[in-house]
Each structure stands twice: as C-alpha cells, then as structure tokens.
Amino acid sequence: MSKASSTVPSETPKDGDRANLSRTFKYLLGTQFLSRGIPFIFNSWIVRHLTQEDYAVYAVQFHLFVTCVLFLSREGFRRACMRADIKFEGASAKDNAALLKVAWMSFPLGVVITIAGCVFVFWWQGLQHSDPYAQAILINGFACILELLAEPLYILSQTLFLLKLRLVVETLATFSRCVTMYILIVNLTNMEKGIVFALSQAAYGACIFLGYWSYFLLFRAYRSSDLIPFSFCRLGHMMNFDKQLSNMCMLFTLQSFRKLILQEGEKIVLVWLDTPYNQAVYGLVDKLGSLVVRLVFLPFEESSYSTFARSASGQSPNKSKNLGRRLTEALKLVLLIGLVFLAFGPSYSYCLIRLLYGQKWSDGEASTALRYYCLYIIVLAMNGTSEAFLHAVATENQLKRSNNSLLVFSLIYVALNVLLIRSVGAIGLILANSLNMILRIIYSAIFIKHFFQESSSFSFCSCLPSGWTILLLSGVATLISEKVFLDRENFWSSFFIHFCIGFAFFCTSAFVIYRRERPFINKIIRFRDHSD
C-alpha cells in the first residue's frame, strides 16, 4: 500500500486540527470497512457460484483493467493536490478554482488512457466488437469515465476534509455494485458473466458520479460554473492555472506509471503467463489476504500522508520533533498490526478458507498461498507508511530520485515475477512482492535517516512495539497446534481445539502488549481526546 468556493461549514477541521491523524484515519477506516467489507461478504457467496475461469475474469482480469486506467489517470493528481496549501476555513472561490482547474486535467488524461487501454486489450486478445468479452471491456471503460468525471470533486472534498461524504458515497456505490451483480447472476442466468461483472462496475461508477455531483450542487449550493471553473470558449482562460501544482501533478503521474508496475505487476504477469486456475487462486487469496490492507493499512497510509504533508508545510520551530513523533507512532501501529497477522495468520489460513469458501478451495494451493500472504502483510504495512512520509516531505528533486529508484525496483520486480511464477505459481508472485517491498523499505529508511540526521526526534528502534517477542512465541505455538490437533478429515471437532489454543495465546499476547504499551494504545483508541 500505498492518498478547498465559499466558507466551509463546521465539518472541516480548524487550523489547529489539520494534522489530526486519528480523525482522518477514523473516517477512512470506516470508508474502507464498508466499501471493502461489503464485497468481502458478497465474495464468499459469489465464489461458490462461479467457475474458476469466470472468477479469474472477475477477480483478476477486469480488476486489473479498471485499476490500471484509474490509477494512471488520477493517482498523481490526488497526491499532488493533497500537498496544496489550501485553507480549510474561509477558503476563497479563487483558491478552489485554482485547485479545480488543475484537478480537471485528470479527466482528459483519463479519457486518453481509457481509450488506449481498450484498444490494447482488443489488440492483445484479438477481439471483435461482437465478442461478449470485448463488450464487457467497453462497459468497464465507460465505468472508468464516470468515475473520472467525479474525480475533481473528490479531490476538492478531500482538501476540504469532507470525510463523511466519501464514506457515504463509496458505501452506496459498493452496495449498488454488489446488488446489481447479485440480481443479474440470479435472474439472468444466461447472460455472459463478463457482461454481468462489467455492468456492476458501471453501476459503481454511476453512483460515484451522482454522489459527488449531487452533494456539491444540491447540498452545498455550488453552481456548475464553480465546479468547472474555466470557459471552453476562452482558450487563454483555460490555460491560466497553477503551473507549480500542475508540474507536481505531472511528476506524481509519471511516478504512478512505475508504482503501477510495482503495485499490479504480479497480476500483469499472472494474466500474461499463467492459467485461469492460478489466476483464480491468486485472486481469491488477494481478495482475502489483502482485506486487512484495504481496511486498515490503505486508509492509514492516506491519513498518514495527509498528516505528514500538512505538518511539513508549516513553519513551526517544533516541526521536526512533531514529524518524528507522528512517524514513530504511525510505524509502531502498523508494525503491531502486521506482527499480529504474522503470528496467527499462517496457522489459521487453511481454517479460514475452509470456513469461507469450502473444501474445494482450502485443499488446493489457496491455503498455502494465504500463509505466505500473511508474511507479506507486515512488509506491505511498513512500506506504505514509510513511503507516505517520503512523498509528503520530499523536495521535487528528491521525488525525482525516488522515481528513478522506483524504475530500478520495477525492473527487478518484473524479472522476479516472471522467474518465480514459472517455478512456484501464485506463491512466487507473493515472494516477488515481498522482496520488492523490502527494497522499497530500505530506500525509504535511508531517506528517513538522512531527514532526521540533525535531530534526535526519531529512532527506528522506538518504532518496534513492546511485547513483540510474545507474538512470535504465540506464532510458533499455534503452528505446533495446527500440526498436532487439526485433522482435515475430522475438521469441525479438531478445529474447535485448535481455535481455543489460538484464542488463548491471542488474549495472552494482547494483555502483555497492552500492559507495556498502554499510553500508546489508549491514544489510538481515544480518537477524540487528542488532536494529533
């Protein structure tokens, strides 16, 4: 992993609360919990009603297409615009217009990328317009266009800290996608599954578009001219935009091409080289194993980036000290969560897949792949937070050097994917991801060390949560429990014993860690009692 019209009402934070990591994280966690939790529950049903080939199309191929188009179109603009120094209270129409003029550049870029993506898929697969798969790709492209039409308003809402808006819109959109897919699968059994998946994605895009535009036009009394702050008849007026911000957007967009390879490279290699069965296995494990990434680490990375960027933009004499403290707390939290999954995930991977998806999936390669994914989670967590800090505080030249390093890591990563997928299948993709994350963590760690070299406000040792050894001992104990007690032929009775042992070790670890890290954990729990 791996995210300011008229006076803003009281929902937006005050100047002294701009760097409120916990408040931002709370709303983003709620957004991810609903927008990812709903599909997770739905996925448990759909896996049992699709063939492995259809599930590969749903979980890997179409997901890859939509992700590539949207990530390349908007990620750079999101990153750059969050660094813009827009006042939360009393923001003028001029400030908002300057931001929106740049944000709207993401739409024509996105249209070009969408068309290019559709043409590439048609050429690569040798498709005709009459093919159901081709029609599904075009519908997915239309869904991307709908989301991109709402992107400038999304960026505006984020800079205004309208966090509840994102929570509501993404939840409704996710629910709409799931309901659409359910109705089509149950009632139109003869419809091509690819068309079903594409129409559900279009329903999601339509809700995103309608949600943001309706809110700003109906509930915030914005005019369309406020939200589209340029005239198509006056070319000079259209070209009058913030050059520095647009250059930063282009810089981050160029970086997003490299980050995309690092983020989705394994799926590209998987679709290119592997069978639909292995695609389905990886798609299943990725959706299940990355649930914690989407629910916790992704919103935490976005809120951390926002916090670091706001803190670094000020001129406070304690800026270095505050940044060091916030980075320490952020890394300690993600390490604590990652260690919990490292300790208990591998020994309960088989049980989880057996309970959710049935013996057909648990007795195959999926449970083994999920074990390795639990090891991958902890490095993914560390990389997301450390890179969020780098991107938030780095200068333009430092970001360019980071881009160059990402290019090198991308080449290494692709090579590892190609080599390992041929030898160990889906597990090889997870190993390649882990090695890639470790390289990126090392680069970010070197940057952080140089950033704080003249200050004692940050130390890597202080990021390690107290009681981490008890978690590792618990992991060893539960692995032994799985070997000794869990019987796959007599699953239910043996699972109860195995579960009780794991629960006992989890409670013991939680008690020890809470005793040693009580102030830190209480600060995380009490969102409203502190401002940073």
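For clarity, every value in this text was computed on a predicted model and none was experimentally measured.
Residues Gln201 and Glu147 meet the side-chain proximity criterion, which asks for heavy atoms closer than 4.5 Å. Taking the side chain as every heavy atom from C-beta outward, Leu165 and Val169 approach each other to under 4.5 Å. Considering only heavy atoms from C-beta on, Val168 comes within 4.5 Å of Leu172 through its side chain. Using a 4.5 Å cut-off on side-chain heavy atoms (C-beta onward), Trp213 and Leu227 make contact. Residues Ile208 and Leu146 are not in side-chain contact: their nearest non-hydrogen atoms beyond the backbone lie 4.5 Å or more apart.
The side-chain hydrogen bond (donor to acceptor under 3.5 Å, both in side chains) search around Ser457 returns Ser455, not counting sequence neighbours. Every residue was checked against the side-chain hydrogen bond (donor to acceptor under 3.5 Å, both in side chains) condition with Gln125, not counting sequence neighbours, and none meets it. Under the ring pair (Phe, Tyr, Trp, His ring centres under 6.0 Å) criterion, Tyr58 pairs with Tyr55, Phe197, not counting sequence neighbours. The side-chain hydrogen bond (donor to acceptor under 3.5 Å, both in side chains) test applied to Glu151 returns Arg78, not counting sequence neighbours. Qualifying side-chain hydrogen bond (donor to acceptor under 3.5 Å, both in side chains) partners for Tyr133, counting only residues two or more places apart in sequence or in other chains: Gln61. The salt bridge (charged side-chain N to carboxylate O under 4.0 Å, His left out) test applied to Lys287 returns no partner, not counting sequence neighbours.
Judged by the 6.0 Å distance and 45° axis criteria, Arg325 is not positioned over the aromatic ring of Phe458. Remark: Arg177 is positioned above the aromatic ring of Tyr204, its terminal NZ or CZ atom under 6.0 angstrom from the ring centre and at most 45 degrees off the axis.
A donor-acceptor pair is defined here as one N or O able to donate and one able to accept, closer than 3.5 Å; such a pair exists between the side chain of Thr67 and the backbone of His63. Side chain of Tyr305 to main chain of Glu387: no donor-acceptor pair is present (N/O by atom type, distance under 3.5 Å, no hydrogens or angles). Side-chain atoms of Ser402 never come within 3.5 Å of backbone atoms of Gln398 as a donor-acceptor pair (strictly under, hydrogens ignored). At distances below 3.5 Å, not a single donor-acceptor pair connects side-chain atoms of Asn383 with backbone N or O atoms of Val379.
Side chain to side chain, Tyr373 and Asn433 fail the donor-acceptor criterion of an N or O pair below 3.5 Å. Using a 3.5 Å distance cut-off with no hydrogens or angles, the side chains of Gln255 and Asn403 do pair a donor with an acceptor.
In the displayed structure, Gln453 atom CD is contacted under 6.0 Å by more than 12 heavy atoms of other residues, nucleotides or ligands. Other residues, nucleotides and ligands contribute only 12 or fewer heavy atoms inside 6.0 Å of the CH2 atom of Trp123. No more than 12 heavy atoms of other residues, nucleotides or ligands lie within 6.0 Å of CZ in Phe142, so this atom counts as exposed by the packing criterion.
Atom CZ of Phe452 and atom OG1 of Thr328 lie 7.5 Å apart (nearest 0.5 Å). Taking CG of Leu375 as the start and CG of Leu431 as the end, the distance is 9.0 Å to the nearest 0.5 Å.
Under the 6.0 Å cut-off for aromatic ring centres, Tyr376 and Phe341 do not qualify, their centroids lying 6.0 Å or more apart.
A side chain to side chain contact (heavy atoms under 4.5 Å, CB included) with Phe409 is found for one member of Asn436, Val414, Asn404 and no other, namely Asn436.
A perpendicular orientation is assigned to the rings of Trp104 and Phe107, their planes being inclined by more than 60° (bins at 30° and 60°). Note on ring orientation: taking the six-membered ring where Trp is involved, the planes of His129 and Phe122 are tilted (angle from 30° to 60°).
Contact check on Glu264 versus Lys267 returns a salt bridge, with a Lys/Arg side-chain nitrogen under 4.0 Å from an Asp/Glu carboxylate oxygen.
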